Amino acid sequence: MTKYAFFQAHPDDLEISCGQLMYHLGVRSKGIHEIRIVSVTKGEFGLPGHQYDRFKGDFLAEIRTKELRSAASILNVPSENLDFLGYTDGLVPLDRRFVGVVRDYLQNHRPDVVFAPDGLYTWYYHMDHVNTGRAVFYVIDKKLIDYQPRLYFYSTLSPNVFFPFRPEDLELTDRLIACHKTQIWLLHWMKHIIRPTALFAGLQARGWRYAEPYREVYFGDDSRERNEAGFPIRVFTHFFSGMPFFQAKYPQEVLQKLKSESSPKS
Ligand SMILES: [Zn+2]
């Protein structure tokens, strides 16, 4: 049995980026693999605008946990395989404590294969995503755990591995997205990025209409060169990463409070 750990910053990140692969591992290859979903936050501030402020926080966290559970059940990932690292939505830091939390998780669960959002060459430059990917990479690269799992990044601009799928499988993505009712405002829009990305990845996978793009991350002596993206992607991410996209709109008083206590809650 191969053990997989899929890290995500918020409930719904995996469904839009890794749904086809997770379905293959969880449902088509039923019983062969153990899949765990590791959610760094519960996405408790994921609603647009101040008119929704009264729903944000614990109430939204509870709803989004249920939404994640129903999407996970489609992927045949049982509730007991959903783990939450207790960080605050929008304030996932890249610090010693977070690295320690990720290290402890990997050391305890010992997944053979780890998936995380790309922390460098990505089109989804949300700091929660980026810091999650970077912390996972740091733990494995610096050998903070006593074994070396394989690491793949999703939502990447520099893919080197493709998981192909058929046009009729797109329906699965729709079903997974439909589980996240509180996120429809974002996911409907997100589909316009996901579909062309899958189409382009299919071209790169040669012979397939669609594919999910992933970046296998290398470790060891020559890893620096092997992990480096092509020049255009490096230039693009250099400028793109400086733009303040995807910042959640928090109530000011909540933001102040959160900043003063931006440590794990549980
Ligand atoms: Zn997210």
Side-chain angles (χ1 to χ4, degrees), residues 5-22 36-49 52 55-57 60-72 75 77 82-94 98 101-102 114-137 152-157 173 176-195 197-198 212-215 237 240-241 243-250 255 258 262 264-265:
F6 284 84
F7 280 77
Q8 64 177 356
H10 317 104
D12 80 7
D13 296 341
L14 289 169
E15 289 86 334
I16 58 172
S17 293
C18 312
Q20 301 292 339
L21 172 63
M22 293 179 81
R36 300 198 77 87
I37 292 176
V38 194
S39 217
V40 178
T41 81
K42 289 184 173 174
E44 66 272 24
F45 291 107
L47 283 174
Y52 300 108
F55 301 118
K56 296 174 186 173
L60 186 56
E62 200 178 311
I63 294 175
R64 294 197 66 182
T65 304
K66 284 186 189 148
E67 291 175 343
L68 175 61
R69 246 185 243 139
S70 67
L75 302 169
V77 178
L82 306 185
D83 301 309
F84 296 92
L85 299 186
Y87 276 83
T88 302
D89 183 10
L91 292 173
V92 175
L94 185 60
F98 183 42
V101 168
V102 171
V114 178
F115 284 80
D118 197 323
L120 194 55
Y121 307 124
T122 182
W123 50 266
Y124 201 171
Y125 217 92
H126 186 310
M127 286 320 286
D128 289 356
H129 289 224
V130 169
N131 288 344
T132 298
R134 289 182 182 182
V136 171
F137 172 75
Y152 294 89
F153 280 149
Y154 60 86
S155 60
T156 182
L157 285 171
T173 311
L176 292 171
I177 286 177
C179 293
H180 294 277
K181 291 194 175 59
T182 62
Q183 302 304 302
I184 292 299
W185 59 278
L186 178 68
L187 296 176
H188 266 319
W189 171 86
M190 197 76 93
K191 267 208 273 195
H192 299 298
I193 292 185
I194 297 298
R195 292 269 156 98
T197 306
E212 280 177 345
Y214 294 97
R215 175 153 81 95
T237 44
F240 185 66
S241 64
M243 296 177 187
F245 288 143
F246 304 114
Q247 294 301 314
K249 294 188 175 48
Y250 301 103
L255 195 57
L258 289 174
S262 61
K265 285 179 293 185

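Read the numbers this way: they start at 1 and go in the same order the structure lists the ligands and their atoms. Remember, predicted model here, so these are calculated numbers, not experimental data.
Among the backbone and side-chain atoms of Asp13, an N, O or S atom lies under 2.8 Å from the Zn ion (ligand 1). With 2.8 Å as the limit, His129 counts as an N, O or S neighbour of the Zn ion (ligand 1).
Ring centroids of Phe6 and Tyr154 are separated by 6.0 Å or more, keeping the two rings apart.
Aromatic ring pairs are classed by plane angle as parallel below 30°, tilted from 30° to 60° and perpendicular above 60°; the pair His129 and His10 is tilted.
Between the side chains of Gln8 and Thr132, no donor-acceptor pair of N or O atoms lies under 3.5 Å.
Of all the N, O or S atoms in His10, the one closest to the Zn ion (ligand 1) is ND1.
Using modelled atom types, one side-chain atom of Glu67 and one backbone atom of Thr182 make a donor-acceptor pair closer than 3.5 Å.
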